[in-house]
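By convention in this document, chain letters (A, B, ...) are assigned in the order of the sequence lines, proteins followed by strands, and residues within each chain are numbered from 1.
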There are 2 protein chains.
Amino acid sequence: MAVAPPRPKDLPLTALRAFEAAARLGGFAAASQELGVTPGAITAHVKSLEASLGAKLFERTARGVQLTAVGDAVLPGFTAAFDGLGLAVQTLRNEAAPSTVHIAALPSLAQLWLSPRLPALRAVAPDISISITAMETPPNLKRAPYDLSLFYGDDPRGALARDVIFPVCAPAMAAKLKSPEDLSHVLCLSDSTWTDDWTIWSRAAQADVKPRGPVFSLYTLAVEETVNGAGVLMGHEALVASHLASGELVAPFDLKVQLGTSLRLWSQRHFKSGSAASRVMQWLQENN
Amino acid sequence: MAVAPPRPKDLPLTALRAFEAAARLGGFAAASQELGVTPGAITAHVKSLEASLGAKLFERTARGVQLTAVGDAVLPGFTAAFDGLGLAVQTLRNEAAPSTVHIAALPSLAQLWLSPRLPALRAVAPDISISITAMETPPNLKRAPYDLSLFYGDDPRGALARDVIFPVCAPAMAAKLKSPEDLSHVLCLSDSTWTDDWTIWSRAAQADVKPRGPVFSLYTLAVEETVNGAGVLMGHEALVASHLASGELVAPFDLKVQLGTSLRLWSQRHFKSGSAASRVMQWLQENN
DNA sequence: TTTGAGCCTCATTTTTTCTGACCCTAATAT
DNA sequence: ATATTAGGGTCAGAAAAAATGAGGCTCAAA
């Protein structure tokens with residue numbers, strides 16, 4: 001036989017993935033975030049790719065990178081391929097562990113909306129094991145290992161309910177609040193990701209108030225403080241519903257403002273009907 | 001922000017590729033061949049995948065492996081994804097080096113059919129750089145870094161000409177050969193991959209001869225020996241054409257037998273018209 | 001039996017990948 | 001004009017992943 005082919009070794013998959021992420025997200029920093037490595041690793045990968053190709057994939061400028069024509073031409077192909085790979089991995093995970101459902105959720109939604117529903121869900125589907133991962137930003141479901149996402153968003157697809165806000169406080173404090181103007185005399189708690197809440201509600205209430213108070217980075221913490229009587233919190237309906245139901249919190253005013261965003265529960269793949277993921281999704285939609 | 005997502009690290013791409021190859025090819029040994037690593041590496045990859053999934057992907061038997069239901073269910077997705085990735089890499093390579101064409105060819109075709117045509121091709125397309133890699137088996141063009149493949153095969157797609165065989169020898173020897181029966185008195189050279197050639201031709205010639213002679217593993221070597229008068233070679237038209245044209249070899253008999261296979265030149269991707277690869281392919285088709 | 005194909009194991013080596021610390025540049029904020 | 005900051009680049013060292021190579025096992029076919 002003799003003819004031994006001196007294998008021209010192919011491009012490293014990791015480097016290709018780094019390139020795809022950087023190109024798709026428009027920067028090495030963003031790519032390093034998505035892939036969970038340091039920016040230097042992305043730099044190195046792209047550099048090695050460019051070296052073995054003999055062509056530049058990005059133009060480097062001082063404030064970021066810009067895809068070259070070459071990079072631009074091939075990006076769609078890579079994105080499609082890696083999407084396909086991600087989906088295949090998801091499918092594989094599901095086949096391997098058919099009764100486990102992974103949910104990605106906003107921390108506050110995980111604790112204040114999802115968590116209270118879990119006991120009932122477990123009762124209905126004791127065979128399903130549910131894992132919840134909290135994160136600030138919705139993951140790319142084509143890539144990250146989650147079956148369902150639960151976040152607030154503009155997109156109406158998968159919307160469970162419109163986001164509705166209104167002030168809430170401990171029952172004791174509600175007594176002091178006769179009109180919106182009274183808000184000027186108490187602390188108005190707010191969340192760092194929803195800094196506009198008070199402004200929006202005040203405007204709708206046509207109240208001339210300048211709510212002031214501490215800003216929390218964890219909504220759950222703000223809720224706890226409110227329960228403890230620390231002040232008035234701008235409540236998001238889905239997040240305070242259970243505390244309202246239990247009486248720990250009350251709504252001192254009637255005005256509720258509907259925002260443009262919705263509470264959304266969505267998936268990427270199409271689950272077989274009867275699969276754990278589809279059962280969980282359906283139950284959550286029905287018990288909203 | 002606080003909420004630091006403890007990244008649930010995703011499955012290693014290399015291991016997934018190993019799984020895909022093993023599943024598609026039906027064995028670890030074959031996969032290790034395709035990926036150019038030792039079988040032990042495949043074993044390890046699959047094992048680590050199975051460990052992190054918590055499910056078996058293959059049933060191991062003493063004489064090979066058998067894909068499980070889980071593996072079977074996800075294989076098509078992975079194959080499609082890796083095919084897409086391979087194609088994207090090819091496209092990338094072409095974008096990066098637009099005027100280089102990589103051809104994979106049977107060693108004999110590379111030397112005896114392609115090589116004689118290269119000077120004329122270079123004259124017509126001096127801007128194109130051509131690289132030829134010889135191998136026994138056609139590569140998977142969706143994965144391996146070649147633009148064109150040149151081999152013999154059953155598939156009529158891309159066929160340039162039917163494979164036609166007939167005895168050839170040096171002019172001096174031809175004088176001794178009046179009828180096929182005379183072949184019994186000379187050495188009949190053959191190639192190890194085409195051991196049936198003599199049988200097929202003899203049957204067509206209705207000659208009662210039992211050709212005997214040395215078997216070569218490289219057809220080119222057999223041709224050289226024939227030119228040197230070592231014996232009679234069963235010639236494949238495409239491979240001996242130039243020696244016939246130069247008079248170094250002659251066909252002592254008129255009978256030519258057309259085989260079921262063809263000389264094939266094919267590609268996997270669709271090249272832009274005017275691209276180097278498409279120009280080379282077209283020229284070779286026209287100058288056949 | 002013997003042989004051989006195919007897979008497994010494991011210690012060791014090689015290669016790849018990542019980090020961490022520091023430098024650079026340009027646009028924006030002060 | 002100065003900070004400041006966002007986005008990259010570089011490099012040496014460290015860590016992790018991948019691959020090797022030598023020996024073993026099992027079963028089927030010769």
Nucleotide nearest A:Arg60 when distance is taken to its side chain, options C:dT9, C:dT19, D:dG8:
D:dG8
In whole Å, I'd like the distance from the CD atom of B:Glu59 to the P atom of D:dT26.
18 Å
Whole angstrom value for the distance that separates P of D:dG7 from CG of A:Leu25
12 Å
Parallel, tilted or perpendicular: rings of B:Trp266 and B:Phe151 (30°, 60°):
tilted
Can you tell me if the side-chain N/O atoms of A:Thr14 get under 4.0 Å from OP1 or OP2 in C:dT17?
yes
Atom CG of B:Leu35 and atom P of D:dA18: how far apart are they, to the nearest Å?
12 Å
Tell me: NZ of B:Lys47 to P of C:dG6, nearest whole Å?
21 Å
What contact category does B:Ala29 fall into here, base, sugar-phosphate, or nothing, at under 4.0 angstrom with non-hydrogen atoms?
sugar-phosphate
Can you find a side chain N or O atom of A:Arg63 that sits less than 4.0 Å from OP1 or OP2 on D:dG8?
no
Closest to the side chain of B:Phe28, out of C:dC8, C:dT19, D:dA18, is C:dC8
Where each residue is assigned the nucleotide of DNA chain C containing its nearest heavy atom, which of A:Ala62 and A:Pro39 is assigned the position nearer the 5′ end?
A:Pro39
To the nearest Å, how far apart are B:Leu11 CG and D:dA18 P?
11 Å
Nearest of C:dT19, D:dG8, C:dC7 to any side-chain atom of B:Thr43?
C:dC7
Below 4.0 Å: OP1/OP2 of D:dG21 and any side-chain N or O of B:Thr38:
no
Applying the side-chain hydrogen bond (donor to acceptor under 3.5 Å, both in side chains) criterion to B:Thr193, which one of B:Asp196, B:Asp191, B:Thr195, B:Asp197 satisfies it?
B:Asp191
Using whole Å, what does the distance between atom C1' of nucleotide C:dC18 and atom CZ of A:Arg17 come to?
13 Å
Between D:dT10 (P) and A:Glu50 (CD): distance, integer Å
10 Å
Atom CG of A:Asp10 and atom P of D:dA18 are separated, to the nearest Å, by 14 Å
A:Phe78 vs A:Phe82 aromatic rings, parallel, tilted or perpendicular, using cut-offs 30° and 60°?
parallel
Under the criterion salt bridge (charged side-chain N to carboxylate O under 4.0 Å, His left out), which of B:Lys142, B:Arg24, B:Arg17 is the partner of B:Glu34?
B:Arg24
Examine C:dT16: is either OP1 or OP2 under 4.0 Å from a nitrogen or oxygen in the side chain of A:His45? Give yes or no.
no
Heavy atoms, side chains only, cut-off 4.5 Å: are A:Pro156 and A:Ser262 in contact?
no
